[in-house]
Every structure is written in C-alpha cells, then in structure tokens.
Protein chains: 2
Amino acid sequence: MQPAPAKVSFKEQMLQAREHAILRSACDLLGEKSFDAMTMDDVAGKVGIAKASLYKHFGSKEELCSAAMVEVLSAAQTYLTSLEPSLPAVDKLRAVVRWSLQRLLAQEMPLLPSRNSTLRSVLMANKCYADGVIQVSDIIGEWITEAQAEGVIDPDLPPIGVLYTLYARACDPVVSFLKDSALYQDEEIVDLVLRTCFDGLRAR
Amino acid sequence: MQPAPAKVSFKEQMLQAREHAILRSACDLLGEKSFDAMTMDDVAGKVGIAKASLYKHFGSKEELCSAAMVEVLSAAQTYLTSLEPSLPAVDKLRAVVRWSLQRLLAQEMPLLPSRNSTLRSVLMANKCYADGVIQVSDIIGEWITEAQAEGVIDPDLPPIGVLYTLYARACDPVVSFLKDSALYQDEEIVDLVLRTCFDGLRAR
DNA sequence: GTCTATAGATAGATAGAC
DNA sequence: GTCTATCTATCTATAGAC
C-alpha cells in the first residue's frame with residue numbers, strides 16, 4: 001500500500017496551488033484595503049473555502065499577510081534579475097518603477113506598509129521579508145550610484161533619498177486618483193507618474 | 001435666575017474647546033494609524049475623557065473623523081488665502097506643498113483617504129469636505145495653469161495630473177521613511193521632497 | 001455633559017465531525 | 001484538509017445614574 005511517488009507529488013502540488021490561490025487573494029485584498037480593514041472572512045470568501053481552512057495553511061492573519069508580502073517581494077526580485085545587465089542604470093531604474101506601477105494598476109500590489117498599518121511591525125520582524133528588502137535595496141542602490149556617477153541622476157541627491165522616492169512610487173496615490181478620474185488609459189497613467197518622478201513638474 | 005450672557009458664552013467656549021481637543025486627538029491618531037485601526041477608546045484615552053462622552057459631541061466614529069478631516073481642510077484653505085497674491089504661481093505651489101510636508105512631519109496630517117480606507121466613502125458623502133476639496137482644487141488649479149502659461153511648470157503635463165501629484169505629497173511615505181532613518185533633520189526632508197517633486201530625480 | 005456598565009455586532013481563532 | 005459551529009476578545013454605540 002505504498003503510495004507512488006507521483007501521487008505524493010500531486011498532493012503536494014494541489015496543496016501548493018491552494019496556498020498560492022490564498023496568497024493571491026490576500027494580495028488582491030491588501031491592494032484594495034488596509035490590513036486592518038481586511039478580514040479573514042474576506043479572504044475565505046474570495047478563495048471560496050471556509051475560514052477555518054485558512055488556518056490549516058497559515059497560523060494567523062499576520063502570517064498569511066506576511067507570506068503574501070514576501071511573495072510580492074520575491075516577484076520583484078525575479079524581475080530585477082531578469083533585466084538586461086548591459087542596460088544603462090537609469091533605464092533599469094525606470095523599468096523597475098514601471099513594473100511597480102503596472103502591478104499597482106492591476107491591483108496586485110499590496111500598499112506598502114507605512115506607519116498607517118498594524119502589519120508593519122510584524123513584517124519587519126519577518127526575516128524573509130527583511131532580508132528581501134535588503135537584497136532589493138542593494139541592487140537598486142547600486143544602480144542609483146551608477147546613474148549618479150554618470151551624471152544622469154542628480155549626484156547632489158542622497159542615494160537613500162532617491163531609493164525611498166522610487167519605493168514610494170509603488171504606493172503612490174496619484175495612480176488611484178487618476179484611475180478613478182477615468183480620464184486616462186493605464187499606460188498614460190504609468191507614463192505620467194514616471195515622467196513626474198524622473199523629470200519633475202518644472203519645465204526643462 | 002436668567003444666566004448672564006457672558007456665562008452662556010463661557011459655557012459655549014468650554015464646549016468648543018473640548019470639541020477642538022477631541023478633533024485634535026483624532027487628527028493626531030489618524031496621522032499614526034489608519035481609520036480602521038484607530039478606535040474610539042484611543043481617542044477617549046488621548047483626550048482623557050470617557051468614551052461615551054465622545055458620542056455627546058459626535059454621533060459616530062465616521063462623523064468624528066470626518067469633522068477632523070474637515071478641520072484640516074479648513075486649515076489648508078486658510079493657509080492658501082494667506083499667501084501673498086503677487087507671488088509667482090510656482091512659488092505659491094511650492095509653499096503649499098511645503099506646508100503639507102511640515103504638517104505631515106508634525107504628525108498633524110491625517111493620511112489622505114486613498115482606497116486604503118473605509119473613511120473614503122464617508123468623506124466623499126460629506127458636503128463640507130467635498131465642497132472644501134473643490135474650493136482648494138480650484139485655487140491650486142488656477143496657479144497650476146498660470147505657472148504652465150509662464151512655462152515654469154511643464155505645459156505638456158495635464159493640469160489634473162499636476163494637481164494630484166501635489167496632493168499626493170501630503171501623504172508621501174518618503175517622509176516617514178526618511179524620518180525613521182533618523183539621518184536627516186525635518187527641514188532637510190522637506191527640502192528633499194520638494195526638490196524631487198518639482199525638479200525630478202534626473203540631473204538638470 | 002460626564003461617568004460606569006453593558007448591549008450588540010463582528011473580528012480572529014479553535015473544536016470536532018467527516 | 002475541509003467543513004459547521006462556537007469561543008473569546010474587542011469594537012461601536014447606548015442606557016441610565018449623577
């Protein structure tokens with residue numbers, strides 16, 4: 001009565017697929033509302049399973065949402081490393097911001113945990129997340145100093161300020177303001193935010 | 001046994017002072033956490049009165065927070081009209097953003113109701129708030145078109161995009177990121193955000 | 001108008017059958 | 001592992017004494 005290895009693998013695949021669906025739903029919901037406003041009933045309803053089942057996969061609401069954030073971070077890392085290394089540094093920076101804005105428009109980007117969230121302290125205690133943030137920051141930070149050495153990004157700006165300014169685009173309310181106005185296509189919104197971010201509001 | 005008019009006025013003054021203290025506490029708390037995370041116990045504790053007393057002044061949590069937001073908006077309107085009309089339009093725009101950033105740093109600025117808040121729909125149904133937003137937008141919008149006509153603000157940008165970009169600075173997470181890093185003075189943070197907002201990240 | 005006490009609703013999390 | 005049913009805590013809001 002030994003189960004075939006393929007069967008075990010299949011069961012594990014199902015489990016992983018289910019967990020991925022849960023994370024995906026949590027991610028979407030965190031894009032719509034705050035961690036505090038989101039409920040486990042919301043998640044269960046969206047996935048289509050009972051709330052109690054969620055707790056077989058994740059120990060708590062905090063664990064579930066942390067896992068969702070780690071997955072987003074992982075997707076960002078994958079995108080970063082997929083970029084052609086020979087591209088000019090500033091182009092890579094633009095590409096990353098563009099990627100963030102597109103995910104934000106697709107409502108697949110949980111709003112970054114500013115102080116306006118109970119999730120923040122939990123996330124910062126999560127080693128997976130904290131390490132991921134450091135890795136991403138190292139890669140982007142290198143591109144920033146590179147672009148500043150080339151004189152493309154303003155060398156007078158502190159690199160950490162540039163980094164945070166780029167991060168902040170991933171939860172810029174301008175995107176939802178413009179989206180709600182229904183005046184522009186998604187791609188136009190992305191272009192506008194990219195332009196004001198890199199070129200500023202003043203005429204050149 | 002007719003109470004002297006002065007006495008009535010005094011009582012009313014006390015009432016108004018108390019209500020102002022409540023609004024101020026709510027405002028501070030909304031700067032620290034989301035509407036959903038904030039509780040009426042928080043407010044009562046901060047003011048130093050019983051929770052039930054809050055409901056003698058404001059009918060609900062939504063009403064209280066709406067009133068707090070209206071007060072912030074009113075302060076913004078007062079600042080707008082206090083600006084010397086003869087100033088160049090772009091200077092007035094910079095001044096308004098600076099004012100927002102300073103209030104944000106002082107934690108006196110409730111984070112704007114993006115989609116990430118249950119408060120949003122309540123606020124938009126509040127005539128005082130909605131009218132205030134329109135008035136403020138009209139004033140700032142005029143300055144934007146003026147600055148664009150002068151060629152100081154990029155005339156190619158849609159005015160509504162410029163307006164939203166300026167509004168978004170009032171809840172820019174860059175401010176709290178930099179504040180938490182403890183690397184910079186408040187005034188340096190304000191200058192950095194103002195600079196990246198108007199001049200962009202790219203070197204000029 | 002302030003308080004204590006509590007009602008009523010809903011959240012996160014768990015128990016136990018299947 | 002999924003479900004239904006339930007526990008416990010907490011939050012908004014109210015009742016009623018003073």
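Lettering follows sequence order; numbering is per chain, from 1.
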Query raised in the report: Taking NZ, NE, NH1 and NH2 as the nitrogens, is one of them in A:Arg24 or A:Asp28 under 4.0 Å from a carboxylate oxygen of the other?
Result: yes
Requested in this report: Identify whether the distance between the nearest side-chain nitrogen and carboxylate oxygen of A:Lys46 and A:Glu32 falls below 4.0 Å.
Outcome: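 The answer is yes: the pair qualifies as a salt bridge.
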Query raised in the report: Base, sugar-phosphate, or nothing for A:Met38, non-hydrogen atoms under 4.0 angstrom?
Result: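 Sugar-phosphate, backbone atoms only, no base.
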Query raised in the report: Looking across every strand, which nucleic acid part, if any, lies under 4.0 Å from A:Thr39 by heavy atom: base, sugar-phosphate, or nothing?
Result: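 A:Thr39: backbone/sugar contact only, no base atoms under 4.0 Å.
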Report summary line: Students should find that the nucleotides of DNA chain D closing off the region near chain A, any atom under 4.0 angstrom from a heavy atom, are D:dG1 to D:dT4
Requested in this report: Please check if the side chain of A:Glu188 supplies one atom and the backbone of A:Gln185 the other of a donor-acceptor pair under 3.5 Å.
Outcome: yes
Query raised in the report: Is it true that the NZ or CZ of A:Lys61 lies under 6.0 Å from the centre of A:Phe35's six-membered ring and within 45 degrees of the ring axis?
Result: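 Positive - A:Lys61 is close enough to the ring of A:Phe35 and near enough to its axis.
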Would you mind reading off the distance between [X] atom [atom1] and [N] atom [atom2], rounded to a whole angstrom?
X: B:Tyr55; N: C:dA7; atom1: OH; atom2: C1'; value: 13 Å
X: A:His57; N: C:dA13; atom1: NE2; atom2: P; value: 16 Å
X: A:Lys61; N: C:dT10; atom1: NZ; atom2: C1'; value: 12 Å

Query raised in the report: Between B:Lys92 and B:Glu142, is a salt bridge (Lys or Arg N to Asp or Glu O under 4.0 Å) present by the stated rule, with each step listed?
Result: CA-CA 11 Å; B:Lys92 286 187 270 195; B:Glu142 218 166 294; over 6 Å; no
Query raised in the report: 5'-most contact on DNA chain C: A:Glu62 or B:Gly48, nearest heavy atom basis?
Result: B:Gly48
Query raised in the report: Any side-chain heavy atom of B:Asp91 sitting closer than 4.5 Å to one from B:Glu84?
Result: no
